[in-house]
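Predicted model only: the values in this text are computed from it and were never measured. Residue numbers begin at 1 in each chain, while the letters A, B, ... track the order of the sequences.
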Number of protein chains: 2
Amino acid sequence: MREFLRTKGFKMTPQRELIFKSFFAMGKHVSVDELYDKVRQQDSSIGYSTVWRNLKLICKVGLAEEVNLGDGVTRYDRATETPHGHFYCIDCRKLTEFGMDNIVGQLAIISRENDFVPSGFKIEIQGRCRACRDKRAGEKTTAESAEAQRA
Amino acid sequence: MREFLRTKGFKMTPQRELIFKSFFAMGKHVSVDELYDKVRQQDSSIGYSTVWRNLKLICKVGLAEEVNLGDGVTRYDRATETPHGHFYCIDCRKLTEFGMDNIVGQLAIISRENDFVPSGFKIEIQGRCRACRDKRAGEKTTAESAEAQRA
DNA sequence: TCGAAATTGAAAATCGTTTTCAATTGGCCG
DNA sequence: CGGCCAATTGAAAACGATTTTCAATTTCGA
Ligand SMILES: [Mn+2]
Ligand SMILES: [Mn+2]
Ligand SMILES: [Zn+2]
Ligand SMILES: [Zn+2]
């Protein structure tokens, strides 16, 4: 890692090392805050901006990319060998992944047909995960059928 | 329109009427600022928050939906009969649309296979549009081949 | 017409992101 | 080894789009 960064003109520091390690140790779709908290457990002197900057760096060198779901927080997703799409539960906001190898071909075709040179594909499927559907079903029978405020 | 809103429990006002009219008269993917400017040309007394609130309302009643591209501004896209995806040019940030009827079937299948009940699909293809590619080509030959700063 | 509920506009509050700046550190060079 | 310069860090402030607050006004059904 140190070497990898050096070739790109970046230096290694204790903070950076801890941040990188922690990021890759955590699950996918990590927010700055989440990583900040995590890192703080090891070294409470690390600043927020350092975490943020290194997350940006991780993206810049191609090891991750930002995921934006319109809910106000940017999440960082480790780069994967094969592209994947996201299921975004509109209730619990959990992200789940799925492969999209079969679809990528079609997206490439569509791009070509539209004289567009693609560099990346994003597929997001919104809906409800099993857990939230079950929870809803339970609540609906129990509670009144009045207006359920739009989640 | 007035009637449509009334049935949903909303009132009509001069401001609202102008905002709705203007929104649907403008092209797709309108931001609050853009609509605000547009509306102001007709009635310079309308407040920013009123425009914002009505844009939200338009979404709430299903006539449009927010589009988030991670560039900091939320855009509002008129609801279309058939779902469509977006080409997002990483140079000029222009959005172009494409139909995705053929792909929706597959996304539905993928969802079912993953025990996820979908309510919406989003496909975003990032890359470069023809205009920006041509522009780049021109610049590259003219200028030096030094490090092109990552756009 | 009356009044409750919705709407409006200005201003302020939010809040995640990004920048600033002085101090510190990493690592290449001699 | 030192020394030096660019990179990095941390705290704090700046940003900026979004959202809320609140008093005043308006809508529309009873
Ligand atoms: Mn992912
Ligand atoms: Mn669109
Ligand atoms: Zn869920
Ligand atoms: Zn372009």
Side-chain angles (χ1 to χ4, degrees), chain A residues 1-23 29-37 39-40 42-61 64-76 93 147 149-150, chain B residues 1-20 22-23 29-37 39-40 42-61 64-76 93 147 150:
Chain A
M1 189 67 255
R2 182 186 214 84
E3 185 55 16
F4 172 73
L5 285 178
R6 203 182 53 67
T7 65
K8 304 219 169 196
F10 300 106
K11 296 176 178 175
M12 181 49 76
T13 67
Q15 296 93 331
R16 176 160 293 167
E17 179 158 21
L18 175 56
I19 292 171
F20 273 54
K21 268 193 166 61
S22 301
F23 175 69
H29 318 127
V30 183
S31 67
V32 182
D33 284 356
E34 288 167 350
L35 184 55
Y36 176 66
D37 289 343
V39 160
R40 276 263 168 162
Q42 297 293 113
D43 178 350
S44 64
S45 70
I46 291 184
Y48 182 90
S49 47
T50 298
V51 174
W52 177 80
R53 279 186 292 234
N54 275 290
L55 232 19
K56 286 286 188 185
L57 178 62
I58 290 175
C59 289
K60 188 174 335 191
V61 299
E65 58 182 56
E66 302 191 345
V67 177
N68 238 287
L69 300 150
D71 61 359
V73 260
T74 300
R75 286 171 182 280
Y76 295 81
R93 302 193 163 179
E147 280 76 16
Q149 69 274 43
R150 216 277 169 211
Chain B
M1 189 67 256
R2 184 187 214 83
E3 184 56 16
F4 172 73
L5 285 178
R6 202 183 54 66
T7 64
K8 304 215 170 198
F10 300 106
K11 297 173 177 177
M12 181 49 76
T13 67
Q15 296 93 331
R16 176 160 293 168
E17 179 157 21
L18 175 56
I19 292 171
F20 273 54
S22 301
F23 174 71
H29 319 127
V30 184
S31 67
V32 182
D33 284 355
E34 288 167 351
L35 183 56
Y36 176 67
D37 290 342
V39 159
R40 275 263 168 161
Q42 297 293 114
D43 178 349
S44 63
S45 71
I46 291 185
Y48 183 91
S49 46
T50 298
V51 174
W52 176 80
R53 279 185 292 235
N54 275 289
L55 231 17
K56 286 286 188 185
L57 178 63
I58 290 174
C59 290
K60 188 174 337 190
V61 299
E65 58 183 55
E66 303 191 345
V67 178
N68 237 285
L69 299 151
D71 61 0
V73 261
T74 300
R75 287 171 182 281
Y76 295 80
R93 301 194 164 178
E147 281 75 18
R150 216 276 169 209

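- For A/E34, the CD atom sits in a packed shell: over 12 heavy atoms of surrounding residues, nucleotides or ligands are nearer than 6.0 Å.
- One finds no side-chain N or O of A/N54 lying less than 4.0 angstrom from the OP1 or OP2 phosphate oxygen of D/dT8.
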Test side-chain contact (heavy atoms from CB on, under 4.5 Å) on A/E66 and A/Y76 and set out the steps. CA-CA 5 Å; A/E66 302 191 345; A/Y76 295 81; 3.4 Å; yes
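- Rounded to the nearest 0.5 angstrom, B/I19 CD1 and B/W52 CH2 are separated by 12.5 Å.
- At D/dG10, one or more side-chain N or O atoms of A/Q15 fall inside 4.0 Å of OP1 or OP2 (strictly under the cut-off).
- The rotation axes computed at either terminus of the helix from C/dT1-D/dA30 to C/dG30-D/dC1 lie 30° apart, taking five pairs at each end and rounding to 10 degrees.
- Applying the side-chain hydrogen bond (donor to acceptor under 3.5 Å, both in side chains) test to A/K11 and every residue at least two apart in sequence or in another chain returns nothing.
- Distance CG (A/L55) to P (D/dT9): 13 Å, rounded to an integer number of Å.
- In terms of the ring pair (Phe, Tyr, Trp, His ring centres under 6.0 Å) criterion, B/F4 has no residue partners (sequence neighbours excluded).
- Across the protein-nucleic acid pair, B/R40 atom CZ and C/dG9 atom C1' stand 9 Å apart, rounded to whole Å.
- Rounded to the nearest 0.5 angstrom, B/K8 NZ and B/L5 CG are separated by 8.5 Å.
- A/D43 and A/L18 make their closest contact through CB-CD2, 3.7 Å (heavy atoms, listed as atom of the first residue, atom of the second, distance).
- Shown here are the ring pair (Phe, Tyr, Trp, His ring centres under 6.0 Å) partners of A/F10, two or more places apart in sequence or in another chain: there are none.
- Between B/I46 atom CD1 and C/dA10 atom P there is a gap of 10 Å when expressed in whole angstrom units.
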Per-nucleotide protein contact string for nucleotides 15-23 of chain C, where B marks a base within reach and S marks sugar-phosphate only (heavy atoms under 4.0 Å, - for neither): -SBBBB---
Where do A/V39 and A/F23 land on the side-chain contact (heavy atoms from CB on, under 4.5 Å) test, with the steps shown first? CA-CA 9 Å; A/V39 160; A/F23 175 69; over 6 Å; no
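- Between B/K8 atom NZ and C/dA6 atom C1' the separation is 17 Å, expressed in whole Å.
- Summarising the geometry, the separation between CZ on B/R16 and C1' on C/dA6 is reported as 8 Å, rounded to the nearest angstrom.
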Output one letter per nucleotide in nucleotides 24-30 of chain C: B when a protein non-hydrogen atom lies under 4.0 Å from the base, S when only the sugar-phosphate is that close, - when neither is. --BSS--
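- Rounded to the nearest 0.5 angstrom, A/L69 CG and A/T74 OG1 are separated by 9.0 Å.
- To the nearest 0.5 Å, atom OG of residue A/S31 and atom CG of residue A/L55 are 8.5 Å apart.
- Between the CD atom of B/E17 and the C1' atom of C/dA6 there is a distance of 17 Å, given to the nearest Å.
- Look at OH on A/Y36: it is 9 Å from P on D/dG10, rounded to the nearest Å.
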